[in-house]
**Student:** 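Below is a structure I'd like to ask you about.
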Amino acid sequence: MRVTATADTPLHQLVKWTVHNMATTIERYNPKEAEGRWQKVWNERQCFAASDDTGKPKYYVLEMFPYPSGRIHMGHVRNYTMGDVIARFKLACGYNVLHPMGWDAFGMPAENAAIDRKVHPKTWTYENIAAMRHQLQMMGLALDWSRELATCDPEYYRHEQAMFLDFLAAGLVDRKISMVNWDPVDHTVLANEQVIDGRGWRSGALVEKRELAQWFLKISDYSEELLEALDTLENWPDKVRLMQRNWIGRSEGMRFTFELEDEAGTKLEDGLTVYTTRHDTIFGATFCALSADHPMTQKLAEGSNEIAAFRAECAALGTSEEAIERAEKKGVPLGIYARHPYRPGVRLPVYAANFVLMGYGEGAIFGCPAHDQRDLDFVRKYGLDVIPVVAPRDADPASFKIGDEPYLENDDSQTTMINSDFLNGMSVPEAKEEIARRMEKAGIGERRTNYRLRDWGVSRQRYWGCPIPIIHCDDCGVVPVPKKELPVVLPEDVTFDKPGNPLEHHPTWKNVSCPACGKDARRETDTFDTFVDSSWYFARFCSPHSDQPVEAGAAAYWMPVDQYIGGIEHAILHLLYSRFYMRAMSKTGHINLDEPFANLFTQGMVIHQTYATKTGEWVFPIDVNLDGPKPVHAETGEPIVIGPSEKMSKAKKNVVDPENIIEQYGADTARWFMLSDTPPERDIEWTEAGAEGAWRFTQRLWRAINEAGHTEAGSEPGNDDSDAIALRRATHQALNAVGDDISALRFNRAIARIYELSNTLGQVLKQDKRTDGLNWAIREAAVILVQMFAPMMPHLAEECWQLLGQPGIVVETAWPKAVEALLVEDAITIAIQVNGKRRDEISLQKGLAKEEIESAVLQLDNVQRVLEGQTIRKVIVVPDRIVNIVAG
RNA sequence: GCCCUGCUAGCCCAAAUGGUGGAGGCGUCUGCCUUAGAAGCAGAAGGUUCCCGGUUCGAAUCCGGGGCGGGGCACCA
């Protein structure tokens, strides 16, 4: 074959191929022309509109919706291609498929754009949506665009506001004072990750800790349920379930109260309540410690400069240099003592300590330095006692000592209690049980389960978010906006010339009259965390135009999402919030469902090599010339240093623009590459060579289908037509495997099978002499091949379908059924081992009995030669697999 | 520090329950085709399955120890 083209024509623009040895001239496949054409056909025929025909089995496939940053990136391409393959496959399998798309459209970047470029967040956002919608459409995704939604649309967030009011009424909402990172220059709260070395990432100002009244959703009420239900999510990755389990952080322990006394030994009125999971180590307690923010610390600080100074020090610590400070355990004695409950006359000094958190348990602990690293660090600094109470079973209690490391053995069968009076000789669990019983009996403590999971703070001091539908009245306090006045629409006439939230200094929007008493009042100017928006959008897709948040019938039919696909980075927050939100919506009657995502798949990242100049400046891949012996800058000729492959990021410029790729090769090539080689859960490296390879394959397929299309129709082969039957076997076996692989999301393996069949077909097409039956089998192979790659390369598939003269279009064609009889191989090659070493192989009919195989094998010349002079001790026969002869 | 993961040809990766180490892709090399390059076609090379030990008739796979990479959590009492 030869290409009629000039040397400088980029290969993808070549239009004509001249094929020698063939009478026909094959037009080269031109994705640029074909892709738009087929997208139009699908659109006109409404191929991907989910029908309301609830008689059919449904399948809801969803990829995490994007933030409208303005351009799609390769991560999107990968994510949406995977979902698309499933959507198209399920469609072909006869399901009523829901595959929608929307926009996670609120958030800070829009405000930053407003500040930097003087463009209104709304304008910026909708322009970005338009641009990205166009890019997604270029990918040829099987999306039901009639269900598109944007979270910044009042038609969306009005329901969010209404549900918030229902949550409020149902006791699922709390307003609490909480500690936040406050940027005094920008007048806003910063998330932890926005604080860099103690300074605001934008203003550079020193961040303060400030107490602010914030709205919370009471997710912690559901700690146990969210934890337990993880066991039911069998089709979630174990990794994600484990991460959520750790995040919820259930611990079983005891809460109990020490009696307190002052320096002189006089009993104080208040006791000290602590939380512990190691009540078995109570005899090892040598001090108690309170958080700097503990009420008792606060009270004692009033009378002590030293304690007050310590509290100030802890507050200043804030989020900054946490890592450094963390290493040093510090405290200050409070001048009070805790009476040991089981050691009469022994009292434990009480400290305020920087490593005790107010937010967990009781904000107070007892220290057992022998068996806790932090406590040991602390006592070494302040010269307190160390009493080991757990020791190896065979250790001598009298001589067992703790050095620089605490004794942490957690295998209970290896340890025993020592130095612990009535607990001595017990195992750790026995000791825990004994202490719990005694404390409960004495009425000084009770068993208690604690969770690390905190309530979800949803207030953001931001403009571009969903307004929280609340009015603050001096007389009535917090007043919900009446439902009939919803939505509380974000005002558009705002400016960003002043720091802080524009809603704060909006003259008319903020000032309203109280819905309860009519007096002057103020709107809540905080807006919701955008994770609220994304906690129910998947439910909204079921009935996106309803005047209810979710239409009961639609949700009952479509939910849960059958296959959810997204990045592992959302393993905890988004997925946990969504699980909680479904429960909250169920409690308030908006839906009847606890778990929103039946199957979860977390795909890997797209990575790329990094390129830099000698001076360390990052260079875009597109500007690097790799053709020469050494990489150089395409324009300046400067040498380029190739760095490791990392997640594509603008900062390191190791990005490839999907639109460029689609322009250059077409969407099908980009989609195909994204699915090839690498298993979908792993990171995939984008390489130019790989993309070229995918591109070449589209052309190879096109040529093969062309040739097959020009093959005579033939007639169905008989069983004696071995070539034809062999091809049919290959076809149907591939079909079977590809269906299984797509169902299991093993796209890379499905693709390998498609390559395999395509190679087989290519070989067969080279044969000059063909029977009628073989011609028939060739056409069958071509048709099925097209159907198999249609979910991955849908445009090319339609083009090929037409070329083969098949009726209709591929997306409206049912997935073919493999012929069972062709799936079974009748001849099998069995390997023969002698003493575990492979010596020969034998071809036998499939399904023979062990004895038949054994006798056939033992007769082989090779085998007899190897066995000469040896005694056969044992013959292991694994039917259809292997025979191992043990001899000696 | 704790907990998850991964390690197979130069590279990306396949190898049901332990059963012939290789499906597929990229690259490399040789030849054909070509004025030439690319594409195309025909063929080839390439291995301590990260290391050590164990279980087994048999280990890439299971167990123990170690090495390197990736990720999560990390004052949570």
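Computed from a prediction, not measured in an experiment: that's the story for all the values here. Hydrogens, waters and symmetry mates play no part in the numbers below; they use all other heavy atoms, side chains included. In what follows, chains carry the letters A, B, and so on, assigned in the order in which the sequence lines appear, proteins first and then strands, with residues in each chain numbered from 1.
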**Student:** Pairs in or reaching into residues 670-681 of chain A: which pass salt bridge (Lys or Arg N to Asp or Glu O under 4.0 Å), with residues at least two apart or in two chains?
**Tutor:**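 Qualifying pairs: Asp84(A)-Arg671(A).
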**Student:** Has the side chain of Arg454(A) got a donor or acceptor atom sitting under 3.5 Å from an opposite partner on the base of C76(B)?
**Tutor:** yes
**Student:** So which nucleotide does U35(B) pair with, by the Watson-Crick or G-U wobble rule with both distances under 3.5 Å?
**Tutor:**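 In the structure as shown, U35(B) has no Watson-Crick or wobble partner.
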**Student:** Any strand counts, and the cut-off is 3.5 Å on both contacts for Watson-Crick or G-U wobble. Which nucleotide pairs with U8(B)?
**Tutor:** none
**Student:** Please name the nucleotide paired to A23(B) by Watson-Crick or G-U wobble geometry with both distances under 3.5 Å, or report none.
**Tutor:**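 A23(B) is unpaired by these criteria.
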**Student:** Can you check the distance between C11(B) and U28(B), where both ends of the measurement are the P atom (answer in whole Å)?
**Tutor:**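 Pairwise P distance, C11(B) against U28(B), rounds to 15 Å.
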**Student:** Output the residues of residues 873-882 of chain A in contact with RNA chain B, where contact means a heavy atom of the residue under 4.0 Å from an atom of the strand; sort by number or write none.
**Tutor:** Ile876(A), Val878(A), Arg881(A), Ile882(A)
**Student:** Can you confirm if the aromatic rings of Phe366(A) and Phe287(A) lie within a centre distance of less than 6.0 Å?
**Tutor:** no
**Student:** For atom C1', what is the distance between A45(B) and C3(B), given to the nearest Å?
**Tutor:** 44 Å
**Student:** Nearest whole angstrom, please: distance from the C1' of C75(B) to the CE of Met358(A).
**Tutor:**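 Rounding to the nearest Å, CE of Met358(A) and C1' of C75(B) are 16 Å apart.
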**Student:** What donor-acceptor contacts under 3.5 angstrom involve side-chain atoms of residues 237-245 of chain A, with partners at least two apart or in another chain?
**Tutor:**
residue	atom	partner	partner atom	Å
Asp238(A)	OD1	Arg241(A)	NH2	3.0
Arg241(A)	NE	Leu233(A)	O	3.4
Arg241(A)	NH1	Leu230(A)	O	3.0
Arg241(A)	NH1	Leu233(A)	O	3.1
Gln244(A)	OE1	Arg579(A)	NH1	2.9
Gln244(A)	NE2	Ala571(A)	O	2.9
Arg245(A)	NH2	Asp231(A)	OD1	3.2

**Student:** N/O contacts under 3.5 Å, protein versus nucleotides 45-50 of chain B?
**Tutor:**
none

**Student:** Could you work out the separation of U49(B) and C32(B) based on their P atoms and round it to a whole Å?
**Tutor:** 37 Å
**Student:** For C73(B), give its Watson-Crick or G-U wobble partner with both distances under 3.5 Å, or none.
**Tutor:** G1(B)
**Student:** Enumerate the protein-to-nucleotides 26-32 of chain B contacts in which both atoms are nitrogen or oxygen and the separation is below 3.5 Å.
**Tutor:**
residue	atom	partner	partner atom	Å
G27(B)	OP2	Arg696(A)	NH2	3.4

**Student:** In whole angstrom, what separates Asp238(A)'s CG from G72(B)'s P?
**Tutor:** 18 Å
**Student:** Using nucleotides 59-64 of chain B, report all nitrogen or oxygen pairs with the protein that are shorter than 3.5 Å.
**Tutor:**
none

**Student:** By the salt bridge (Lys or Arg N to Asp or Glu O under 4.0 Å) test, which pairs, at least two apart or in different chains, include something from residues 351-372 of chain A?
**Tutor:** Arg255(A)-Glu362(A), Asp372(A)-Arg374(A)
**Student:** Please work out which residues in residues 829-844 of chain A have a non-hydrogen atom less than 4.0 Å from an atom of RNA chain B and list them by number.
**Tutor:**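 Of all residues in residues 829-844 of chain A, the ones placing a heavy atom under 4.0 Å from RNA chain B are Thr829(A), Ala831(A), Gln833(A), Arg838(A), Glu841(A).
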**Student:** Sort out the partner of G18(B) for me: Watson-Crick or G-U wobble, both distances under 3.5 Å, none otherwise.
**Tutor:** none
**Student:** Check the phosphate of G25(B) against Asn759(A), side-chain N and O only, distance under 4.0 Å to OP1 or OP2. Yes or no?
**Tutor:**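 Answer yes for this pair, as a side-chain N or O of Asn759(A) is under 4.0 Å from OP1 or OP2.
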**Student:** Mind checking who U56(B) pairs with, Watson-Crick or G-U wobble, both distances under 3.5 Å?
**Tutor:** none
**Student:** Output a table of donor-acceptor pairs, distance under 3.5 Å, between side-chain atoms of residues 881-888 of chain A and any protein atom two or more places apart or on a different chain; print 'none' if there are none.
**Tutor:**
residue	atom	partner	partner atom	Å
Asn884(A)	OD1	Gly836(A)	N	3.1

**Student:** Base, sugar-phosphate, or nothing for Thr276(A), non-hydrogen atoms under 4.0 angstrom?
**Tutor:** sugar-phosphate
**Student:** Under 3.5 Å, which donor-acceptor pairs do the side chains of residues 683-691 of chain A form with other protein atoms, sequence neighbours left out?
**Tutor:**
residue	atom	partner	partner atom	Å
Asp683(A)	OD1	Met605(A)	N	2.9
Glu685(A)	OE2	Ser645(A)	OG	2.3
Thr687(A)	OG1	Gly690(A)	N	3.0

**Student:** Which residues pass the ring pair (Phe, Tyr, Trp, His ring centres under 6.0 Å) test with Tyr407(A), sequence neighbours left out?
**Tutor:**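 Testing Tyr407(A) for ring pair (Phe, Tyr, Trp, His ring centres under 6.0 Å), a comparison that skips the adjacent residues, returns Phe400(A).
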**Student:** Does OP1 or OP2 of A74(B) have a side-chain N or O of Arg452(A) closer than 4.0 Å?
**Tutor:**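 Checking Arg452(A) against A74(B): at least one side-chain N or O falls below 4.0 Å of OP1 or OP2.
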**Student:** Determine the Euclidean distance between corresponding C1' atoms of G70(B) and C75(B); express it in Å to zero decimal places.
**Tutor:**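 One C1' to the other, the span is 26 Å.
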**Student:** Mind checking what makes ring pair (Phe, Tyr, Trp, His ring centres under 6.0 Å) contact with Phe355(A), not counting sequence neighbours?
**Tutor:** Phe378(A)
**Student:** Heavy atoms from C-beta onward define the side chain here; which of C57(B), C75(B), A23(B) lies closest to that of Glu756(A)?
**Tutor:**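 Nearest nucleotide to the side chain: A23(B).
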